[in-house]
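See structure below.
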Number of protein chains: 2
Amino acid sequence: MFFGEYTYKVDEKGRAPLPPKFRRQMKEGVILAKGMGEKCIAAYPVAEWKRLSDSLAAKAVTPANLRRLNRAIFGSAFGASLDGQGRIILPFSLREYAGIGDTAIVVGANNCVELWSEGEWQAEKKSAEEQASEIIESFGA
Amino acid sequence: MFFGEYTYKVDEKGRAPLPPKFRRQMKEGVILAKGMGEKCIAAYPVAEWKRLSDSLAAKAVTPANLRRLNRAIFGSAFGASLDGQGRIILPFSLREYAGIGDTAIVVGANNCVELWSEGEWQAEKKSAEEQASEIIESFGA
DNA sequence: AGAATTGTGGGGAAAAGTGGGGAAAAAGGG
DNA sequence: CCCTTTTTCCCCACTTTTCCCCACAATTCT
């Protein structure tokens with residue numbers, strides 16, 4: 001389970017630290033992918049990634065469908081591992097996609113970790129909070 | 001179950017004591033989050049927080065919906081644990097949000113503990129009491 | 001009144017954030 | 001095919017922050 005919001009520098013080599021509390025769960029390796037829909041980078045522990053991609057594949061009805069899905073999911077994914085300091089290297093293409101420059105906001109989102117640029121995160125955070133309070137108000141907590 | 005109202009100093013390191021009676025229930029760790037709607041800090045025992053976040057997540061209808069909810073709920077949460085003196089460290093961002101300076105009002109609120117600034121607490125207390133008596137009068141107690 | 005517990009403060013050790021250098025591997029050109 | 005150049009990756013080092021422990025004063029309980 002990941003939670004919390006952290007701000008880190010991304011150095012010239014494209015390295016971003018992960019919060020120490022996340023590292024133990026990431027030790028077996030990480031899969032980096034484009035955030036689906038949102039302009040962010042999603043980092044999954046390998047085990048969780050497998051779970052997700054399997055459950056998605058199970059929903060593909062035709063073989064052609066499945067091939068497409070596999071391309072979309074695996075094509076844009078990168079494997080990464082932590083260095084001795086607990087950092088991961090963010091491929092340039094993903095940084096570009098998420099608009100991440102020299103600062104990254106690292107957000108724990110339950111089953112995955114998301115990396116955002118400052119600007120995109122501010123916007124997303126606001127609308128996510130609004131949506132959350134709607135749900136809370138209407139359903140009760 | 002938490003109840004009672006206590007006043008404590010918050011020291012320069014941002015540490016606030018919890019009432020001794022609360023400590024046993026908090027020993028396994030605490031999750032700190034913004035009070036929803038109100039300008040306070042909410043502290044949940046981990047078990048209770050899991051219960052809450054699970055029941056909320058179950059109410060998200062679409063995947064995109066769920067991701068947003070996860071961001072809002074998990075992203076704004078902090079893990080904390082008691083030190084040897086029974087204190088927790090309040091992150092600066094939460095103290096700022098709740099307007100807590102060097103004094104915190106610690107309030108037991110049944111399933112969680114809330115931390116308030118003096119000013120906000122006075123206002124909230126007043127309106128809460130008025131509303132409570134209305135509810136009691138209309139339903140019978 | 002004495003003893004234990006609690007509120008409050010501070011100091012020191014350990015860990016985390018950040019940056020850079022050098023070896024190994026990969027890529028490219030002669 | 002080999003040598004050169006570039007890139008990748010791993011390790012080291014420094015600074016700052018965090019965390020844990022100790023200590024004293026005040027209060028409560030017996």
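Letters A, B, ... mirror the listed sequences (proteins, then strands); counts begin at 1.
- Within 3.5 Å, a donor on the side chain of B/Gln85 pairs with an acceptor on the base of D/dC22, or the reverse.
- Regarding B/Arg87, its CZ atom lies at a distance of 10 Å from the C1' atom of C/dG10, rounded to whole Å.
- Residue B/Tyr6 is the one, among B/Asp83 and B/Tyr6, whose nearest nucleotide of DNA chain C lies closer to the 5' end (criterion: closest heavy atom).
- Residues A/Trp116 and A/Glu118 bring no donor and acceptor atom of their side chains to less than 3.5 Å of each other.
- In this structure, A/Ile88 atom CD1 and C/dG17 atom C1' are separated by 15 Å, rounded to whole Å.
- Across B/Val106, B/Val30, B/Leu82, a single residue satisfies side chain to side chain contact (heavy atoms under 4.5 Å, CB included) together with B/Phe22, and that is B/Val106.
- Using a 4.0 Å cut-off between charged side-chain N and carboxylate O, A/Glu5 and A/Lys125 make a salt bridge.
- In this structure, B/Phe92 places its CZ atom 14 Å from P of D/dT17, rounding to the nearest Å.
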message = I'd like to know whether A/Glu38 forms a salt bridge (Lys or Arg N to Asp or Glu O under 4.0 Å) with B/Arg71, so could you lay out the CA-CA distance, the side-chain angles of the two residues, the decisive distance to 0.1 Å, and finally the verdict.
response = CA-CA 12 Å; A/Glu38 295 87 16; B/Arg71 254 169 238 141; 3.2 Å; yes
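- Of the two residues contacting DNA chain D, namely B/Ile89 and A/Gly84, the nearest-nucleotide position lying further toward the 5' end is that of A/Gly84.
- One interatomic measurement links the two molecules: CG of B/Asp11 to P of D/dC24, which rounds to 18 Å at whole-angstrom precision.
- In terms of phosphate contacts, A/Arg23 brings a side-chain nitrogen or oxygen within less than 4.0 Å of OP1 or OP2 of C/dG17.
- Between A/Arg51 and A/Glu48 there is a salt bridge, with a side-chain nitrogen of the basic residue lying less than 4.0 Å from a carboxylate oxygen of the acidic one.
- B/Tyr8 has no side-chain polar atom (N or O) that falls below the 4.0 Å cut-off from OP1 or OP2 of C/dT8.
- Nearest-nucleotide mapping onto DNA chain C: of B/Thr7 and B/Lys13, the residue sitting toward the 5' end is B/Thr7.
- Protein atom NZ of B/Lys9 is 16 Å distant from nucleotide atom C1' of C/dT6, rounded to whole Å.
- The base of C/dG10 sits within donor-acceptor range of the side chain of B/Arg15, with an N or O pair under 3.5 Å.
- Rounded to whole Å, atom P of C/dG7 lies 17 Å from atom CG of B/Asp102.
- Look at CG on A/Leu82: it is 15 Å from C1' on D/dC11, rounded to the nearest Å.
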